[in-house]
Each structure stands twice: as structure tokens, then as C-alpha cells.
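Counting convention: from 1, in listed order, for ligands and their atoms alike.
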Amino acid sequence: MNSKQLSETSKFLSYVLRHEPQAIGLQLDSEGWADLDALIAGAATDGRVLDRALIEAVVAGNDKKRFAFSEDGLRIRAVQGHSTRTVELQHVEKTPPVLLYHGTATRFLESIMQQGLIAGSRHHVHLSDDETTAVSVGQRYGKPVVLHIEAARMQQAGFRFFQADNGVWLTEAVPVGFIRQ
Ligand code: HQG
């Protein structure tokens, strides 16, 4: 399998495991798990030839550790980033570091400084504990800018923080008063 095949499969898995499982008739449970055989069979109806070896290579090689297998190896899920309403991952609630970072594009700043950070179509606002990751997240949408989020102060004010299995920090929304440019 080549890198093109791996990245195309990764995009396809993101699509069906986070956003549109129904596109291939796949069922996800509330924790986001899909049966691996059902995924392979559903993909086939879409003309995609997947097998366990290819999926394992994508899971193991994924730069952001987006996907995980169940312990018995029979199921697979995306660890964060869902928009489909059938999934409601019970992420582990954790105490965040003093500061977390959010990468965005300069063109969104005006709106963000009015409304705060909102989750949009995803279930959470995504934050990272390093600025480098935030820059690369932001540049997907234009000229990147990194916002400093006063996470510890937010938590003291009653906002909850979660960490996904791949290290991404999640919270429901960030009010303007906790955002520093
Ligand atoms: C922006 C990728 C205007 C927000 C990454 C962002 C991440 C606002 C965009 C993960 C706003 C949403 C998530 C407001 C937020 N007004 N714009 N009030 N509040 N925004 O893609 O954080 O590759 O849903 O700044 O690595 O960019 O998918 O979120 O620019 O971890 O695994 O609205 O996606 O991971 O965009 O990225 P997204 P994100 P994966």
C-alpha cells in the first residue's frame, strides 16, 4: 500500500466515523464505535476496497492518532472531531494546564472576539497544549493566528475540560473574557 492509498483511506475513515456513517449504512454507537466488518462491507457498497491490513496501517501510521481499535480488535472509532449527533463520546474530564492554545485564521478574529470560540459543527472547541500544533491547525483556514486560552481560570469559573485519547483538549465553548491574542 502506498502513501496515497493511506491518506485517501484516512480521509474516508474520518468522513464515515466522524460525520456521515449513514453514507455507507454504518451504525456507530454513542461512544463512536463501528464494527470493523460492517465498515469494510459498507465501504464495498461505495466501491471502496478496504481490508483489515490497510485499516491497521492507517490507524498505526496516522500523524494525529485520529483512530483507535477496541481492545478485542473487532471495532474501530475516531477518538475526537465528530459532528454526527448519534455519537456522544464520554471524554475524560481533566484539569487543564494554565494556558491552552487555539489556532485559527486572522479572518475569523473579529467574529471570535465578539462571540468567543464556538464549536461550530463539531461537538467541542479544539485546543492544544503546544503552539506549533495550533499554528498548523490555524493555517488550514488562512493566515494563522494563535489565541491563548486561560484554561485554568476557565475551569475555576466552572467550565469543563476534556482530553481526547490523542491529546487534543476539548471544551464546549470559550467566552471572550478568557481569550488573549
Ligand atoms: C473558528 C483538525 C468565527 C475556529 C485539527 C476554527 C483540530 C470561529 C473554525 C481539529 C468562531 C472551526 C479542529 C467564531 C470558532 N467566529 N470563527 N465565534 N469560533 N471559530 O475545523 O479547531 O485533522 O471545526 O477558530 O487538527 O480548526 O480533523 O475546528 O478555525 O484538532 O483530525 O471556526 O481538526 O484535526 O473549524 O480544528 P474546525 P479547528 P483533524
Would you check if there is a donor-acceptor pair between the side chains of Glu20 and Gln22 at a distance under 3.5 Å?
yes
Testing Ser7, Ser10, Ser14 for side-chain hydrogen bond (donor to acceptor under 3.5 Å, both in side chains) with Asn62, which one passes?
Ser10
Please produce the table of protein N or O atoms sitting under 3.5 Å from N or O atoms belonging to ligand 1, one pair a line, distance to 0.1 Å.
| from | atom 1 | to | atom 2 | distance (Å) |
| --- | --- | --- | --- | --- |
| ligand 1 | 16 (N) | Ser111 | OG | 2.5 |
| ligand 1 | 18 (N) | Gln115 | OE1 | 3.2 |
| ligand 1 | 18 (N) | Gly116 | O | 2.8 |
| ligand 1 | 19 (N) | Ile118 | N | 3.0 |
| ligand 1 | 21 (O) | Arg122 | NH2 | 3.0 |
| ligand 1 | 21 (O) | Arg140 | NH2 | 2.9 |
| ligand 1 | 21 (O) | Tyr141 | OH | 2.5 |
| ligand 1 | 23 (O) | Lys64 | NZ | 3.2 |
| ligand 1 | 23 (O) | Arg66 | NE | 3.4 |
| ligand 1 | 23 (O) | Arg66 | NH2 | 2.9 |
| ligand 1 | 24 (O) | Arg122 | NE | 2.8 |
| ligand 1 | 25 (O) | His102 | NE2 | 2.7 |
| ligand 1 | 25 (O) | Thr104 | OG1 | 2.6 |
| ligand 1 | 26 (O) | Lys64 | NZ | 2.7 |
| ligand 1 | 27 (O) | Arg140 | NH1 | 3.1 |
| ligand 1 | 28 (O) | Arg18 | NH1 | 2.8 |
| ligand 1 | 30 (O) | Thr104 | OG1 | 3.2 |
| ligand 1 | 31 (O) | His126 | ND1 | 3.4 |
| ligand 1 | 32 (O) | Arg18 | NH2 | 2.8 |
| ligand 1 | 32 (O) | Arg66 | NE | 2.8 |
| ligand 1 | 34 (O) | Arg122 | NH2 | 3.2 |
| ligand 1 | 36 (O) | Tyr141 | OH | 3.2 |
| ligand 1 | 37 (O) | Arg140 | NH1 | 3.3 |

Donor-acceptor under 3.5 Å (His91 side chain, Gln80 main chain):
no
Quick one: which of Gln155, Arg160, His102, Met154 gives a side-chain contact (heavy atoms from CB on, under 4.5 Å) with Thr171?
Met154
For Asp29, is there an ion pair with Arg75 - N to carboxylate O distance below 4.0 angstrom?
yes
Salt bridge or not for Asp165 and Arg77, using N-O below 4.0 Å?
yes
